[in-house]
Amino acid sequence: MWYYRFQTDAIGWNPAVNVLLPDDYHWSGRTYPVLYLLHGGLEDFITFDAHHNIRGLTAGKGLIVVMPDGGRAGWYSNPVSSAVGSRNWEHFHMSQLLPWVEANFRTYAEYDGRAVSGFSMGGFGALKYTAKYYGHFASVSAHSGPASLRGFNGAVTHWANLSSAAVELGGGSVYGMPFWDEARVSADNPIQRIESYRNKRVFLVAGTSPEDIQGYANETVVLDTQREFKANLDRVGIRHESYEVPGGHFVRGDLLERDINGVIDRLRKA
């Protein structure tokens, strides 16, 4: 695991990134596919290492895993407004971090060499980046990640605005309050870019029986928006792999492992 901090004009502080290299990276001479793994709200770049056994799940496998900061409520977006300086997470990830990874590690700098996955807010970010940057990722996964900004009466957009204002932007917001920037919402909304998922590996997980108030609030919206998203994929004949399983809003280790193995199967081999 290699740890970095970046000085970037996109973010008003120095965000961190963990890069997990394969066991044989330093002597094999091989080139590897890359998984960008995005954390959820109120989490950070170390969460998948500290809490979800990412080293164990990838041991012996030919895959580089990049785990960047995304802000406590950054929503993998460039916000409409910020009272605390730059928080342009989308620009940092897609225009700065990704080219840096490909310039400094032996990776396949191409569509079939990249996957993106995430939990909760990070699952939304993965779906958004895959659609908005069409030729970048051949595989996308959302573990308890909402798939529509406008679904469930706009609950995801409201939550993005309220959470970002409270803990990320000092009263600013991702999409604008009290009125949304409708063009930005549409541009970022996975369900409104459904054709962008054609010929990609799509992996979705949602819980069906939240057992606490927070889990109920989060996973009820996730399940509803993922079901709507899957219905739209089915309507236009886009294949996907999806799981609706008991429990609430958390990372399921067995499905994260299944996802990682699926990523390796889909991407170019090391």
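Since the model is a prediction, treat every value here as computed from it, not as a measurement. In this chain, numbering begins with 1 at the start of the sequence shown.
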field: Side-chain ion pair, Asp259 and Arg201, N-O less than 4.0 Å
entry: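 So Asp259 pairs with Arg201 through a salt bridge.
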What is the distance from atom [atom1] of [X] to atom [atom2] of [Y], rounded to the nearest 0.5 Å?
| X | Y | atom1 | atom2 | result |
| --- | --- | --- | --- | --- |
| Phe137 | Lys200 | CZ | NZ | 10.5 Å |
| Ser95 | Phe92 | OG | CZ | 11.0 Å |
| Gln226 | Tyr243 | CD | OH | 13.0 Å |
| Leu255 | Ile260 | CG | CD1 | 11.0 Å |
| Leu98 | Gln96 | CG | CD | 11.5 Å |
| Leu38 | Ser141 | CG | OG | 10.5 Å |

Heavy atoms of other groups near [X] [atom1], more than 12 under 6.0 Å:
| X | atom1 | answer |
| --- | --- | --- |
| Asn153 | CG | no |
| Trp180 | CH2 | yes |
| Gln7 | CD | no |

Taking all non-hydrogen atoms of both residues into account, name the closest pair between [X] and [Y] and its distance.
| X | Y | result |
| --- | --- | --- |
| Ala160 | Ser163 | O-OG, 3.4 Å |
| Leu57 | His52 | CD1-O, 3.6 Å |
| Ala126 | Gly118 | CB-N, 4.1 Å |
| Gly70 | His93 | CA-CE1, 4.0 Å |
| Ala73 | Met121 | CA-SD, 3.9 Å |
| Ser173 | Pro79 | O-CB, 3.5 Å |

Heavy-atom check, side chain of [X] versus side chain of [Y], under 4.5 Å:
| X | Y | answer |
| --- | --- | --- |
| Phe124 | Tyr76 | no |
| Phe119 | Leu256 | no |
| Tyr129 | Met94 | yes |
| Thr8 | Pro15 | yes |
| Val222 | Pro146 | yes |
| Arg252 | Arg258 | no |
| Val174 | Ser81 | no |
| Phe203 | Val263 | no |

Measure from the side-chain N and O atoms of [X] to the backbone N and O of [Y], and report whether any donor-acceptor pair falls under 3.5 Å.
| X | Y | result |
| --- | --- | --- |
| Asn189 | Leu149 | yes |
| Thr47 | Asp44 | yes |
| Arg150 | Ile191 | no |
| Ser82 | Val84 | yes |
| Asn161 | Tyr175 | yes |
| Asn78 | His91 | yes |
| Asp181 | Ala183 | yes |
| Lys230 | Ser242 | no |
| Tyr25 | Leu20 | no |
| Arg268 | Thr31 | no |

- prompt: Any side-chain donor paired with an acceptor under 3.5 Å for Thr130 and Arg193?
  reply: no
- request: Verify whether one side chain among Glu219 and Ser144 offers a donor that lies under 3.5 Å from an acceptor in the other.
  value: yes
Do [X] and [Y] belong together in a cluster built from hydrophobic side chains that touch within less than 4.5 Å?
| X | Y | result |
| --- | --- | --- |
| Met67 | Val19 | no |
| Leu21 | Ile264 | no |
| Val101 | Leu37 | no |
| Tyr111 | Tyr133 | no |
| Val140 | Ile194 | yes |

field: Phe6 and Trp100: CA distance, side-chain angles, deciding distance, ring pair (Phe, Tyr, Trp, His ring centres under 6.0 Å) verdict
entry: CA-CA 10 Å; Phe6 288 80; Trp100 176 84; 4.9 Å; yes
- request: Please assess Phe45 against Asp69 for the test side chain to side chain contact (heavy atoms under 4.5 Å, CB included), listing each intermediate value before the final yes or no.
  value: CA-CA 5 Å; Phe45 72 101; Asp69 263 329; 3.5 Å; yes
query: Is the Lys NZ or Arg CZ of Lys61 less than 6.0 Å from the centre of Tyr32's six-membered ring, within 45° of the axis?
result: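 No, Lys61 does not lie over the aromatic ring of Tyr32.
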- prompt: Taking the six-membered ring of Tyr36 as reference, does the NZ or CZ atom of Arg114 fall below 6.0 Å from its centre and within a 45° cone about the axis?
  reply: no
- request: Take Leu127 and Phe229, measure what side chain to side chain contact (heavy atoms under 4.5 Å, CB included) needs, and give me the verdict at the end.
  value: CA-CA 11 Å; Leu127 290 170; Phe229 183 69; 4.3 Å; yes
task: Any chance you could lay out the side chain to side chain contact (heavy atoms under 4.5 Å, CB included) test for Leu162 and Met177, step after step, and finish with the verdict?
output: CA-CA 9 Å; Leu162 291 172; Met177 294 189 297; 4.1 Å; yes
Trp89 ring center within less than 6.0 Å of His39 ring center: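 Distance test on ring centres: not under 6.0 Å, no.
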- prompt: With under 30° as parallel and over 60° as perpendicular, where do the rings of His26 and Trp2 fit, or are they tilted in between?
  reply: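 Geometry flag for Trp2 against His26: tilted rings.
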- request: Apply side chain to side chain contact (heavy atoms under 4.5 Å, CB included) to the pair Ser77 and Lys128, showing each step before the final yes or no.
  value: CA-CA 9 Å; Ser77 297; Lys128 168 190 165 173; 2.8 Å; yes
task: Would you mind telling me which of Arg198, His240, Arg239 makes a side-chain contact (heavy atoms from CB on, under 4.5 Å) with Leu233?
output: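 With Leu233 as partner, Arg198, His240, Arg239 yield a single side-chain contact (heavy atoms from CB on, under 4.5 Å), made by His240.
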